[in-house]
Amino acid sequence: MDVLKFGFRYWKRNLGFSILTQIMSFIALGADLLLPMLTALFIDYIIKDSAVKNDNVFSFLLDGSYGQVHTMELFWHLAMVFLCLLFLKLILVYCKNVLNQKLGLNLETDLRLATFHKLMELDSSTISEYNTGELLTTINSDTIMFKEMFCRIIPNILDSAFVLIIAVILLASINPWLLVIPLLMMPVFAFALIRFKKLARLNFRNIRACNSDMNLKVQENIEAVRLVRSFTNEEKEQEKFDEANQVLKDSYIKQVRLSASFEAAFSAIKQFAYIGSIAVSAILVMNGYIRVGYLASCAAYILKIMDYITMINNMMFQMQQQIVSGYKMMHFMECESRIPDGSETIDESTPPHISFRNASMTILDKPVLQNVDLDIPYGKKIGIVGGTGSGKSTLLEAMIRIHDVSEGEIMLNGKNIQAYSLQSLRRQFAYVYQDVFLFSNTIDSNISYANPEVEEEAVIRAAEHAQAHNFITHLEEGYQTIVGERGLGISGGQKQRVSIARALLKDAPILVLDDSTSALDVDTEKRLLQAIRTNYSDRTLLISAHRMSSVVDCDEILYLLNGKIVERGTFEELMKLNGHFASVYNIQEAQKKSVIDFDQLAEGGAR
């Protein structure tokens, strides 16, 4: 089975110890299976004075060296052997259980690391095909569930098979007729198992889907808590959660009913087989084919056979849940990134020179970049403007291969960027996204994310250049202030400045600001951009913005429309062209003046 091969790839490092635990388990089970034979000796030669027969594995205890039949000396020797076997079983079972759980935790850790590393490798488009709830279930719940197959389910099935083989051999050695009822019941067990196994797998798939949906509902409401409250939609979200919760509950209730039916059916079969086997053994005793002591032994072995057949059925039933989790993990791990990694390393001693050569990109059959030709020598300042959906972010993301171009190529130092390893390529960029994310940690840790060991002075200097130092020092804990998930607790403009400081501290040769000053007022933005030009004048700077004033000092400004560069040039050249850029710039400037006039009018009225 493919899912078992997949799991074995991660389990094989534990193979040596797992074999050891299985051997310990077999020895413990062997000791347990010998106890009924001693019980038979107690009944036949301690309680009842029977003629000695050499038909028991412990018959050597009856040669007179360990006491005569029907004496306390023989009783104590038999009791000592019984206790030794019992203690051997208990000690080995304890050691096996502890070691097996440790091996299971090793496998769980390995699976969680593997799935998380896979998540880090996949491109954004592939990850977007999974919802957050599905990813959380795969990386966390499925790893816990799947490791149970190797540290509990499979060992229990092997234990059961071992007990069945030994118990059958011991029963056959007593009298072959004792196997009649168990053998007759085998087809019934097999038929019931196959039927319940199919139903169980379908139900476990439904349970997993419901759990993923529940995780998604919770995760969305955690992230959107402020939005929900601002729209006073708490009741609506509560209703959605209640509905998902009820569906999850119903799926588990269905599973409980199926399990109860499973247990009832197999218990009935087991009891019928047990009673029938006891009847057969009683007939054999009454007709003198076996001794009375063996009646107790046979009852114990028949019960063990039934119990372990039931255990196999239970394990096979439960395994369906692990198989569902295993398939989900296997399919996730087999996902191929649409952005294949290159093998070459960029020479970091050479300043990066980027150029687009007739680059086009299509996403979901929609053209998002069309025939882009662009040359960006090291140190050049490029401004990229245009309306929403014009392709500004896509153009910038193409340089770090968030998406690959469909036609043409993007070159870095004369070589296609697809030849370079993603890690080497992305080290050349300090990227600030328009959707700011701050980790749930201190401001200091967020700024020093690229280099956690950096000195405090460097963190403060980057914050000063990003115009963040003043507001940080006014916080009660300063740089040690812990911001919440996604930066909750500070304003949008403050989050943007912290994220810009984080990029500045990375000190990469290319700085990318992807509409990352939109929440700043005009004066703060001017100071920030001036600080970047002054302190990072040798760096390549790429600025995407909706506010035209953000790019007026750039060496070249690109105006994008439907993924095409329809205008390009310096600020003065574009204003003389009197095209798209000039039109939008004039409108925005007029809007700013009207706001100023309104403010002055309001102040005059107040006087």
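Nothing fancy with the numbering, it's 1 onward along the sequence.
- In this structure, Ser544 and Asp514 approach most closely via the heavy-atom pair OG-OD1, 3.4 Å.
- For Phe8 and Phe6, the distance between ring centers is not under 6.0 angstrom.
- The closest side-chain donor-acceptor pair between Ser550 and Glu525 falls under 3.5 angstrom.
- To the nearest 0.5 Å, the span separating CD on Gln238 from CD on Glu243 amounts to 12.5 Å.
- Put simply, the side chain of Met319 reaches to within 4.5 Å of the side chain of Ile157, judged on heavy atoms.
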Next item on the list: Starting from the C-alpha separation in whole Å, work towards a yes-or-no answer on side-chain contact (heavy atoms from CB on, under 4.5 Å) for Met145 and Arg208.
Entry: CA-CA 11 Å; Met145 190 61 64; Arg208 189 189 180 282; over 6 Å; no

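- A donor-acceptor pair shorter than 3.5 Å can be found between the side chains of Gln496 and Ser518.
- Counting only distance, with no hydrogens or angles, the side chain of Gln467 and the backbone of Thr524 share no donor-acceptor pair below 3.5 Å.
- Distance alone, capped at 3.5 Å, is enough to place a donor-acceptor pair between the Gln370 side chain and the Asn562 backbone.
- For the atom pair CG (Asp515) and CD1 (Ile543), the distance works out to 11.0 Å, reported to the nearest 0.5 Å.
- Judged purely by atom type and a 3.5 angstrom limit, Thr394 has no side-chain atom pairing as donor or acceptor with the backbone of Val368.
- Rounded to the nearest 0.5 angstrom, Gln428 CD and Asn413 CG are separated by 8.0 Å.
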Margin query: The test is side-chain contact (heavy atoms from CB on, under 4.5 Å); show your working for Glu336 and Thr126 and say whether it passes.
Written below: CA-CA 8 Å; Glu336 293 292 336; Thr126 303; over 6 Å; no

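- More than 12 heavy atoms of other residues, nucleotides or ligands sit less than 6.0 Å from atom CD of Glu334.
- The aromatic rings of His331 and Tyr327 sit tilted, their planes meeting at an angle between 30° and 60°.
- Checked by atom type and distance alone, the side chain of Ser25 never pairs as donor or acceptor with a backbone atom of Gln22 at under 3.5 Å.
- Atom OH of Tyr433 is surrounded by more than 12 heavy atoms from other residues, nucleotides or ligands within 6.0 Å.
- Side-chain polar atoms of Glu134 and Ser212 form a donor-acceptor pair below 3.5 angstrom.
- Between the side chain of Gln480 and the backbone N or O of Glu477 there is no donor-acceptor pair closer than 3.5 Å.
- The residue from Ile510, Leu412, Leu542 that alone fulfils the side-chain contact (heavy atoms from CB on, under 4.5 Å) condition with Ile376 is Leu542.
- Around CZ of Arg257, the count of heavy atoms belonging to other residues, nucleotides or ligands within 6.0 Å does not exceed 12.
- For the side-chain contact (heavy atoms from CB on, under 4.5 Å) criterion with Ser499, the lone passing option out of Asp435, Ile447, Val436 is Val436.
- Across all non-hydrogen atoms, the minimal contact from Glu121 to Ser337 is O-OG, 3.8 Å.
- Put simply, the side chain of Asp213 never gets that close to the backbone of Ala209: no donor and acceptor are under 3.5 Å apart.
- Judged by distance alone, the side chain of Arg539 and the main-chain N or O of Ala508 form a donor-acceptor pair under 3.5 Å.
- Within a 6.0 Å radius of OH in Tyr130, other residues, nucleotides and ligands contribute more than 12 heavy atoms.
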Checklist line | side-chain contact (heavy atoms from CB on, under 4.5 Å) between Leu20 and Met24, intermediate numbers included | finding: CA-CA 6 Å; Leu20 175 62; Met24 292 167 62; 4.0 Å; yes

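- Below 30°, between 30° and 60°, or above 60°: for Phe26 and Phe162 the angle between ring planes is below 30°, a parallel geometry.
- Side chains of Val483 and Val498 form no contact here, defined as non-hydrogen atoms less than 4.5 Å apart.
- The shortest non-hydrogen separation linking Arg112 to Ile139 is CG-O, 3.5 Å.
- More than 12 non-hydrogen atoms from other residues, nucleotides or ligands lie less than 6.0 angstrom from NZ of Lys118.
- Using a 4.5 Å heavy-atom cutoff, the side chains of Ile312 and Met316 are in contact.
- With Arg401 contributing its side chain and Asp341 its backbone, the two residues share no donor-acceptor pair below 3.5 Å.
- More than 12 heavy atoms of other residues, nucleotides or ligands shown are found within 6.0 angstrom of NZ on Lys506.
- When all heavy atoms are compared, the tightest approach of Val372 to Gly563 is CG2-O, 4.0 Å.
- Ser325 places no side-chain N or O within 3.5 Å of a backbone atom of Gln322 that could act as its donor or acceptor partner.
- There is no side-chain donor-acceptor pair under 3.5 Å between Gln246 and Asp242.
- Remark: the backbone N or O of Thr517 is paired with a side-chain donor or acceptor of Arg547 at under 3.5 angstrom.
- Inter-residue side-chain proximity for Asn156 and Ile153 is flagged as unmet; no heavy-atom pair is nearer than 4.5 Å.
- When side chains are defined from C-beta on, Ile490 counts as touching Leu438, because their heavy atoms get closer than 4.5 Å.
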Next item on the list: Show the numbers, then the answer: is there a side-chain contact (heavy atoms from CB on, under 4.5 Å) between Leu119 and Ile127?
Entry: CA-CA 7 Å; Leu119 178 67; Ile127 293 174; 4.0 Å; yes

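- From Thr442, atom OG1 reaches atom OH of Tyr479 across 11.5 Å, with rounding to the nearest 0.5 Å.
- Summarising the geometry of Phe150 relative to Leu4, their closest heavy-atom pair is CZ-O, 3.9 Å, with the distance given to 0.1 Å.
- Between Lys240 and Glu237, at least one side-chain nitrogen of the basic residue sits less than 4.0 Å from a carboxylate oxygen of the acidic one, meeting the salt-bridge criterion.
- Scanning all heavy atoms of the two residues, the minimum distance from Asp404 to Pro340 falls at OD2-CD, 4.2 Å.
- Between Asp110 and Lys147, no side-chain nitrogen of the basic residue sits less than 4.0 Å from a carboxylate oxygen of the acidic one, so the salt-bridge criterion is not met.
- Separating the CG atom in Leu122 from the CE atom in Met333 is a distance of 9.0 Å, to the nearest 0.5 Å.
- Atom-to-atom distance recorded for Asn140:CG and Leu135:CG is 12.0 Å, nearest 0.5 angstrom.
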